[in-house]
Amino acid sequence: MEFIIEMNGITKVFPGVIANDNITLQLKKGEIHALLGENGAGKSTLMSILFGLYKCEKGTIKKNGKEVFINEPNDAKKHGIGMVHQHFKLVHNLSVLENIILGAEPVKHGILKYENAKNQIIELSTRYKLDIDINALVGGITVGMQQRVEIIKMLYRENEILIFDEPTAVLTPQETDELMRIMKNLAAEGKSILFITHKLDEIKKIANRCTVLRKGKCAGTVDVASVSKEELSEMMVGRKINFSFKKNKKKKGKTILKAENLTVKNQHHGKALVDNASFEVCSGEIVCIAGIDGNGQQELVLALAGMIKINSGRIFLGENEITHKDISSRALAHIPEDRHKHGLVLDYNLAFNLVLQNYNSMKFQNNGFLKFNEIYKFAENLTDDFDIRCANGVKTIVRGMSGGNQQKAIIAREISRECDFLMAVQPTRGLDVGACEYIHKQLAVQRDMGKGVLLVSFELDEVMDISDRILVMYEGKIVADINPKEVTYKELGLYMSGALTQNAA
């Protein structure tokens with residue numbers, strides 16, 4: 001059989017690690033081919049070689065049976081290969097239209113022909129049901145809309161091989177369903193799709209075949225219809241994964257965090273993003289905030305963390321009011337939603353990132369001078385405990401680590417802090433099933449140690465499995481305070497959509 005793309009015997013070496021070890025991947029025309037593997041298994045590296053971002057030490061690439069040489073992204077584009085990266089490559093202060101045509105501007109006699117491009121983009125968005133506002137600034141649209149812009153960028157360049165790197169990592173369930181529909185339509189049109197993901201449900205729902213990578217090697221290629229999620233997960237991590245999460249019986253204690261009538265308004269138009277929210281989190285419980293993205297969860301967490309000002313209301317941590325305290329004085333752990341913006345200093349090494357919150361403690365400094373030996377020893381222990389994989393150990397610059405390992409670094413740092421209250425915002429985003437299982441256990445350990453855990457998640461399975469109580473937010477209000485054992489997925493969805501409400505306890 002002739003494949004539209006063949007990657008044969010691909011080997012890529014970085015200092016201290018073989019990222020890809022003699023990997024073969026074959027893509028059929030018109031298929032959706034999933035690429036599955038743990039964090040750091042080499043998936044993004046392999047696709048970056050196909051897109052021309054990296055050059056491999058060994059191996060060949062063929063298109064339609066003929067060897068091709070891809071030394072840079074422009075070579076990939078010449079061969080009809082496009083890529084939507086895990087972290088989008090968009091210019092936020094340019095419009096949607098300007099981002100789509102950037103680098104491929106239609107020019108005649110040195111003059112930009114915006115009208116031609118505009119008409120072509122509108123035709124593409126209509127044809128593939130990718131509704132966008134071409135005049136909107138990219139910085140002002142949702143993440144789901146930004147992803148549509150990236151897809152239209154590929155279609156505008158007439159790419160026939162489309163690479164999606166963790167495309168659902170930052171999407172809501174509704175946006176994920178919409179993306180699945182779009183990808184199926186693209187495949188039906190004859191496009192060939194390579195789809196990097198950790199999510200087994202998505203693979204079962206959309207992929208024709210799946211190639212599994214484990215620690216840089218190819219563990220095999222399978223027809224998705226003929227294997228179970230359990231078999232795929234075992235191929236990926238080399239052991240059986242327990243998909244049903246079990247935790248000890250809740251031992252609810254004293255109130256750790258209390259929010260009273262919390263209101264946060266948009267600074268431009270005054271709309272209440274968090275609207276008179278009152279709730280508490282006690283020791284020994286995991287309270288999950290559920291809701292469709294954009295209903296005030298982000299602003300609530302940032303207000304609790306001290307990262308934005310509140311307009312009214314009070315916040316208590318234990319017996320102490322922290323409403324107007326600065327971030328460093330709040331003594332709470334925070335796993336943020338945006339790991340690049342709020343979680344890491346990307347150009348610092350891993351060790352320095354792992355002590356960002358407590359580098360000024362006596363353990364790590366003396367009279368203002370850092371104890372580097374102590375910092376590196378502490379970081380090495382955390383790296384081992386949380387299985388953070390990186391090329392140069394704790395001296396690895398964080399920017400060069402995979403997204404999943406960046407996430408694990410933040411989780412390791414925050415869980416290791418001696419705080420009674422932990423906020424975790426989408427802590428398993430971008431993590432493989434083995435890492436998710438581990439993180440869920442870590443959150444349960446924090447709970448069983450008597451800490452209060454506030455979890456924000458858009459994954460309904462995660463919400464239902466690990467929470468002791470669920471608070472549902474809709475349009476900035478807490479509309480329900482419910483026991484996960486007493487609610488169905490359908491009922492939870494109705495609360496999230498605003499169709500059901502109750503007086504929150």
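Since we're looking at a predicted model, the values are computed, not measured.
At most 12 non-hydrogen atoms from other residues, nucleotides or ligands lie less than 6.0 angstrom from CD1 of I18. Crowding of Y359 atom OH: a count of heavy atoms from other residues, nucleotides or ligands under 6.0 Å not exceeding 12.
In terms of the side chain to side chain contact (heavy atoms under 4.5 Å, CB included) criterion, residue partners of T221 (sequence neighbours excluded) are, by chain and number, H33, R209, T211. Every residue meeting the side chain to side chain contact (heavy atoms under 4.5 Å, CB included) condition with A351, not counting sequence neighbours, appears here in chain and number order: N349, I375, Y376, A379, V394. Remark: F352 engages no residue in a ring-ring contact (aromatic ring centres under 6.0 Å, His included) (not counting sequence neighbours). A search for ring-ring contact (aromatic ring centres under 6.0 Å, His included) contacts involving H340 returns H87, not counting sequence neighbours. Residues satisfying the side chain to side chain contact (heavy atoms under 4.5 Å, CB included) criterion with K153, sequence neighbours excluded, are L90, I100, E150, R157. Residues that satisfy the side-chain hydrogen bond (donor to acceptor under 3.5 Å, both in side chains) test with K408, not counting sequence neighbours, are absent from this structure. Scored by the ring-ring contact (aromatic ring centres under 6.0 Å, His included) test, F386 finds Y438 as partners (sequence neighbours excluded). Under the ring-ring contact (aromatic ring centres under 6.0 Å, His included) criterion, F51 pairs with H85, not counting sequence neighbours.
For residues 303-333, there are no ring pair (Phe, Tyr, Trp, His ring centres under 6.0 Å) pairs, not counting sequence neighbours. Note on residues 37-54: pairs passing salt bridge (Lys or Arg N to Asp or Glu O under 4.0 Å), not counting sequence neighbours, are E38-R389. The list of salt bridge (Lys or Arg N to Asp or Glu O under 4.0 Å) pairs with a residue in residues 372-381, not counting sequence neighbours, is empty. Among pairs with a residue in residues 414-424, those fulfilling side chain to side chain donor-acceptor pair (under 3.5 Å) read Q357-E414, E414-R417, at least two apart in sequence or across chains.
Closest approach of I203 and A34 over heavy atoms only: CG1-CB, 3.9 Å. For the residue pair A303 and I308, the shortest heavy atom distance occurs at N-CG1, 3.6 Å. I70 and I49 make their closest contact through CG2-O, 4.3 Å (heavy atoms, listed as atom of the first residue, atom of the second, distance).
E57 has a carboxylate O that lies under 4.0 Å from a charged side-chain N of K12, or vice versa, which qualifies the two as a salt bridge. Ionic pairing of D21 and K215 is not present here: no N-O contact between side-chain nitrogen and carboxylate oxygen is shorter than 4.0 angstrom. A salt bridge does not link E280 to K258: none of the charged nitrogens lies less than 4.0 Å from a carboxylate oxygen.
Between the R413 side chain and the V355 main chain, no donor and acceptor come within less than 3.5 Å of each other. Side-chain N or O atoms of Q297 include one that pairs as donor or acceptor with a backbone N or O of G291 at under 3.5 Å. Under the 3.5 Å distance criterion, the side-chain polar atoms of N358 are left unmatched by any main-chain donor or acceptor of S361. Looking only at distances, a side-chain donor or acceptor of Q407 sits under 3.5 Å from a matching main-chain atom of P427.
Note that CZ of R399 is 4.0 Å distant from CG of D347, once rounded to the nearest 0.5 Å. In this structure, OG1 in T428 is found 7.5 Å from CD1 in I411, a value given to the nearest 0.5 Å. The structure places OG1 of T11 at 6.0 Å from NZ of K58, a figure rounded to the nearest 0.5 Å. A distance of 7.5 Å separates CE in M47 from CE in M83, rounded to the nearest 0.5 Å. In this structure, CG on L213 lies 4.5 Å from CD1 on I23, to the nearest 0.5 angstrom. Annotation: the span from K217 atom NZ to N20 atom CG amounts to 11.0 Å, rounded to 0.5 Å.
Looking at F458 and Q426, their side chains come closer than 4.5 Å, going by heavy atoms from C-beta outward. Inter-residue side-chain proximity for R469 and L471 is flagged as met; some heavy-atom pair is nearer than 4.5 Å. N93 places none of its side-chain heavy atoms less than 4.5 Å from the side chain of L137.
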**OP:** Could you go through the ring-ring contact (aromatic ring centres under 6.0 Å, His included) check for F14 and Y54 one step at a time?
**Re:** CA-CA 11 Å; F14 293 108; Y54 295 143; 5.2 Å; yes
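The side chain to side chain contact (heavy atoms under 4.5 Å, CB included) test with R330 is passed by exactly one of D326, L332, I327: L332.
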